[in-house]
Amino acid sequence: DKWTDARPNRRSAVDSSRGESLASLLRALNAIEGEFWIRLLYTHPAHWSDELTAAIAECPKVARYVDIPLQHISDNMLEAMQRVTDGDYIRTLLRNIRKAVPGIAIRTTFITGFPGETEDDHQELMEFIEPEVTGTPSITYSGELEALKEPIPRILKEAEEPGWPEAEVNCTPVAFP
């Protein structure tokens, strides 16, 4: 029962809001006999813990690949997106993960064009992406449902904007209410 709730389970000493229950789950799954991989996808950066990073490092069945949706690196944008983390936290988290799990691949997603994003915010994101992240799909922010009806070639052309790394970038229109 401690692994099925998204909230901390008051009947358990495990605080699932900080990644400990996921670390426990990884260890339990890793102990199962047989050949299989465990892959972590869409893990919110605010819910990572040293215990989770340690579990990934010590469990050979856990793939050396994680998906962490960072969304942005600028403190201004992270606050606007209500992400609960800041740029320093994200940089430290990635450094700690790489130190504990050498060679790990880190995939993430970013949102650009979010209301209030300045050129400085965008530039900070561009400077962060290349050295820090293995895979970087991006999502072009749109408050309009009509954006979902745009033809794919036009959307893909947006990914070719100057300043974006050419490799590993896909733009997908997403409407946010």
Side-chain angles (χ1 to χ4, degrees), residues 1-112 114 117 121 124-139 141 165 167-170 172 174 176:
D1 65 325
K2 64 185 170 186
W3 297 324
T4 58
D5 279 337
R7 296 166 299 173
N9 182 336
R10 64 182 182 276
R11 293 176 291 169
S12 170
V14 174
D15 180 0
S16 64
S17 70
R18 295 296 312 157
E20 284 85 357
S21 68
L22 182 54
S24 301
L25 176 60
L26 291 178
R27 288 184 178 110
L29 291 172
N30 189 72
I32 297 171
E33 289 190 34
E35 293 186 30
F36 58 91
W37 286 98
I38 304 163
R39 198 161 55 157
L40 294 177
L41 302 174
Y42 219 71
T43 57
H44 194 292
H47 296 173
W48 275 74
S49 66
D50 291 341
E51 180 70 13
L52 177 57
T53 303
I56 294 167
E58 70 189 44
C59 294
K61 291 179 181 173
V62 176
R64 297 315 189 238
Y65 169 96
V66 293
D67 183 334
I68 307 173
L70 301 176
Q71 309 305 20
H72 218 286
I73 194 63
S74 159
D75 289 347
N76 177 46
M77 295 314 306
L78 291 167
E79 183 178 341
M81 294 173 178
Q82 300 177 1
R83 292 297 289 172
V84 195
T85 60
D86 61 27
D88 286 340
Y89 173 87
I90 290 170
R91 287 177 178 92
T92 300
L93 173 64
L94 296 181
R95 224 178 358 263
N96 291 344
I97 292 171
R98 285 203 170 96
K99 182 178 179 184
V101 190
I104 193 166
I106 300 173
R107 180 195 178 275
T108 190
T109 52
F110 295 107
I111 298 174
T112 61
F114 194 84
E117 183 180 48
D121 295 328
E124 182 178 357
L125 178 61
M126 294 297 95
E127 291 170 6
F128 169 78
I129 288 176
E130 195 158 341
E132 292 295 335
V133 183
T134 306
T136 58
S138 66
I139 298 171
Y141 179 87
E168 307 285 350
V169 176
N170 299 311
T172 305
V174 175
F176 292 85

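In this chain, residues are counted from 1 in sequence order.
- Between R27 and E51, at least one side-chain N (NZ, or NE/NH1/NH2) sits under 4.0 Å from a carboxylate O, which counts as a salt bridge.
- Considering only heavy atoms from C-beta on, W48 comes within 4.5 Å of I56 through its side chain.
- Between Q71 and P45 there is no side-chain heavy-atom pair separated by less than 4.5 Å.
- With values rounded to the nearest 0.5 angstrom, I32 atom CD1 is found 7.5 Å from I38 atom CD1.
- Atom OG1 of T43 and atom CD1 of I68 lie 4.5 Å apart (nearest 0.5 Å).
- Partners of T85 by side-chain hydrogen bond (donor to acceptor under 3.5 Å, both in side chains), not counting sequence neighbours: none found.
- Counting heavy atoms from C-beta on, the side chains of L52 and L26 come closer than 4.5 Å.
- Taking each heavy atom of A63 and R39 in turn, the nearest pair found is CB-CG, 4.3 Å.
- Side-chain contact between L22 and L40: present, with at least one pair of heavy atoms (C-beta onward) separated by less than 4.5 Å.
- Counting only distance, with no hydrogens or angles, the side chain of D75 and the backbone of G87 share a donor-acceptor pair below 3.5 Å.
- Separation of atoms CD (E127) and OG (S74) is listed at 11.5 Å; rounding is to 0.5 Å.
- For T53 (side chain) and I97 (main-chain N/O), no donor-acceptor pair under 3.5 Å exists by modelled atom type.
- Residues F128 and R91 form a side-chain contact, since some pair of their non-hydrogen atoms from C-beta on lies under 4.5 Å apart.
- Between L70 and the options I129, I106, I90, I111, a side-chain contact (heavy atoms from CB on, under 4.5 Å) holds for only I90.
- H44 places a side-chain heavy atom less than 4.5 Å from the side chain of R83.
- In E58, the CD atom is crowded: over 12 heavy atoms of neighbouring residues, nucleotides or ligands sit closer than 6.0 Å.
- Judged by distance alone, the side chains of E117 and H72 do bring a donor and an acceptor atom under 3.5 Å apart.
- Atoms CZ and OH, on R107 and Y42 in that order, are 9.0 Å from each other to the nearest 0.5 Å.
- No side-chain heavy atom of I104 sits less than 4.5 Å from a side-chain heavy atom of Y65.
- A donor-acceptor pair is defined here as one N or O able to donate and one able to accept, closer than 3.5 Å; such a pair exists between the side chain of N30 and the backbone of K61.
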